[in-house]
Amino acid sequence: NADGSLILGSAGAGLDMTPYLWQNGGLKKEDRVALPAPTATEFGGEIDYAAARWMSDDASVILGYAEDAVNGFWVMIYWTKNSDGSYTVHGDYAKKYYTPYVWVETGEVDEWGNPEQEGKYLHPERPYNGFEPVALSANGEWVTLVLTPATDLNDMSIIPTNPAARLNLKTQVLEVLPLAEDETDGPELFGIANNGTAVGRTKAGGVGPMPLAAKRVADDGEEGIDDG
């Protein structure tokens, strides 16, 4: 956090991971505080584990993800600090926006005699198959994400897209940055200010939804952007 009194991370191995806060330098066992993982009801489905990655300056808001147990994708969750110093986990955005998918046999066979399969979203009313967090503002109000809109899994001509987005935890408004024509990936917005201004990068050659003058090309071929 801002004054260095709290350290955020995880401990464990494999899928047996637990997010923690270490207080007072983490020198004593009692200085390690476990953060709760969302239940299947809170998340909207089963998870493998939870991880904490970012926190606000005062540690009142912590941002992380839960690994979905069906597809193994990292889906946004967050924690808020209570008056007694404990934390409450929130999986409501995952429950509202994220759906995993499965493949099921149709009962038919193809020309080679292999069973045909059909892709189905487990929660077709939810719009995204990817809802991964990227950054948290210092005041704990803004989150940036990479989204994957749910499309027809059985139409192989559809190329999945990954637009960037920002979410305001106070107003609960999700804003998706439009993709430029013929673009499939939006920028990675890996920083966001307290007023919602996001900064990130996009692949070299990507036009993006902003003027070319707003971009700065690095030596490694990545292009910086500033999205106000």
Side-chain angles (χ1 to χ4, degrees), residues 1-9 19 21 35 38 50-66 74-83 85 87-98 126-128 130-149 161-181 183-204 206-218 220 222-228:
N1 61 341
D3 64 11
S5 62
L6 292 173
I7 301 169
L8 182 67
L21 274 176
L35 297 173
R53 286 289 182 268
W54 306 268
M55 62 178 152
S56 60
D57 277 354
D58 62 0
S60 63
V61 179
I62 293 173
L63 177 67
Y65 58 81
W74 293 350
V75 185
M76 175 198 153
I77 58 174
Y78 71 104
W79 294 261
T80 53
K81 190 175 183 179
N82 303 312
S83 58
Y87 283 83
T88 297
V89 65
H90 304 274
D92 40 326
Y93 288 106
K95 192 173 183 178
K96 179 179 180 180
Y97 288 111
Y98 172 74
R126 303 178 191 173
Y128 298 107
F131 202 79
E132 184 174 343
V134 183
L136 176 69
S137 62
N139 63 2
E141 182 175 344
W142 292 93
V143 174
T144 63
L145 307 108
V146 174
L147 308 180
T148 305
T161 60
N162 299 284
R166 67 180 181 183
L167 170 66
N168 188 293
L169 295 178
K170 287 188 175 181
T171 66
Q172 302 181 10
V173 173
L174 175 68
E175 299 173 283
V176 182
L177 190 63
L179 291 170
E181 187 176 358
E183 289 283 314
T184 58
D185 295 317
E188 181 185 11
L189 302 177
F190 48 73
I192 188 163
N194 288 341
N195 66 358
T197 299
V199 64
R201 66 181 178 183
T202 185
K203 292 294 183 182
V207 176
M210 71 292 290
L212 287 174
K215 295 189 175 183
R216 299 293 182 268
V217 181
D220 62 0
E222 300 289 349
E223 295 182 359
I225 67 163
D226 182 356
D227 170 40

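By convention here, the first residue in the shown sequence is residue 1.
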Between [X] and [Y], what is the shortest heavy-atom contact and its length?
X	Y	value
L189	V134	O-CG1, 3.4 Å
N194	W142	O-NE1, 3.3 Å
I77	G91	CG2-CA, 4.2 Å
T161	P149	O-CD, 3.3 Å
V75	A94	CG1-CB, 3.6 Å

| request: Walk me through it: do Y65 and W74 pass the test ring-ring contact (aromatic ring centres under 6.0 Å, His included)? | output: CA-CA 6 Å; Y65 58 81; W74 293 350; 4.3 Å; yes
| query | Given side chains that start at C-beta, do those of L174 and F131 come closer than 4.5 Å, heavy atoms only? | reply |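 In short, these two side chains touch, coming nearer than 4.5 Å.
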| message | Quick check: do I192 and R166 have side-chain heavy atoms less than 4.5 Å from each other? | response |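 A side-chain contact exists here, since the closest heavy-atom pair is under 4.5 Å.
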| query | Could you walk me through whether Y97 and R126 pass the side chain to side chain contact (heavy atoms under 4.5 Å, CB included) check? | reply | CA-CA 5 Å; Y97 288 111; R126 303 178 191 173; 5.7 Å; no
| request: Enter the distance from K170:NZ to N139:CG here, rounded to the nearest 0.5 Å. | output: 6.5 Å
| query | Taking only residues two or more places apart in sequence, or in another chain, which ones meet S83 in a side chain to side chain contact (heavy atoms under 4.5 Å, CB included)? | reply |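 Not a single residue meets the side chain to side chain contact (heavy atoms under 4.5 Å, CB included) criterion with S83.
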Counting distance only, does the side-chain N/O of [X] pair as donor-acceptor with the main-chain N or O of [Y] below 3.5 Å?
X	Y	value
D57	A2	no
D92	K96	no
N1	G4	yes
R53	L63	no

| Step-by-step side chain to side chain contact (heavy atoms under 4.5 Å, CB included) determination, M76 to L145 | CA-CA 8 Å; M76 175 198 153; L145 307 108; 3.8 Å; yes
| request: Starting from the C-alpha separation in whole Å, work towards a yes-or-no answer on side chain to side chain contact (heavy atoms under 4.5 Å, CB included) for L169 and H90. | output: CA-CA 11 Å; L169 295 178; H90 304 274; over 6 Å; no
| task | Please identify each residue that fulfils side-chain hydrogen bond (donor to acceptor under 3.5 Å, both in side chains) with D58, with sequence neighbours left out. | result |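 Only S56, S60 meet the side-chain hydrogen bond (donor to acceptor under 3.5 Å, both in side chains) criterion with D58.
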| request: Name the orientation class of the two ring planes belonging to Y78 and Y93 (parallel below 30°, tilted from 30 to 60°, perpendicular beyond 60°). | output: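 Answer is tilted, since the angle falls between 30° and 60°.
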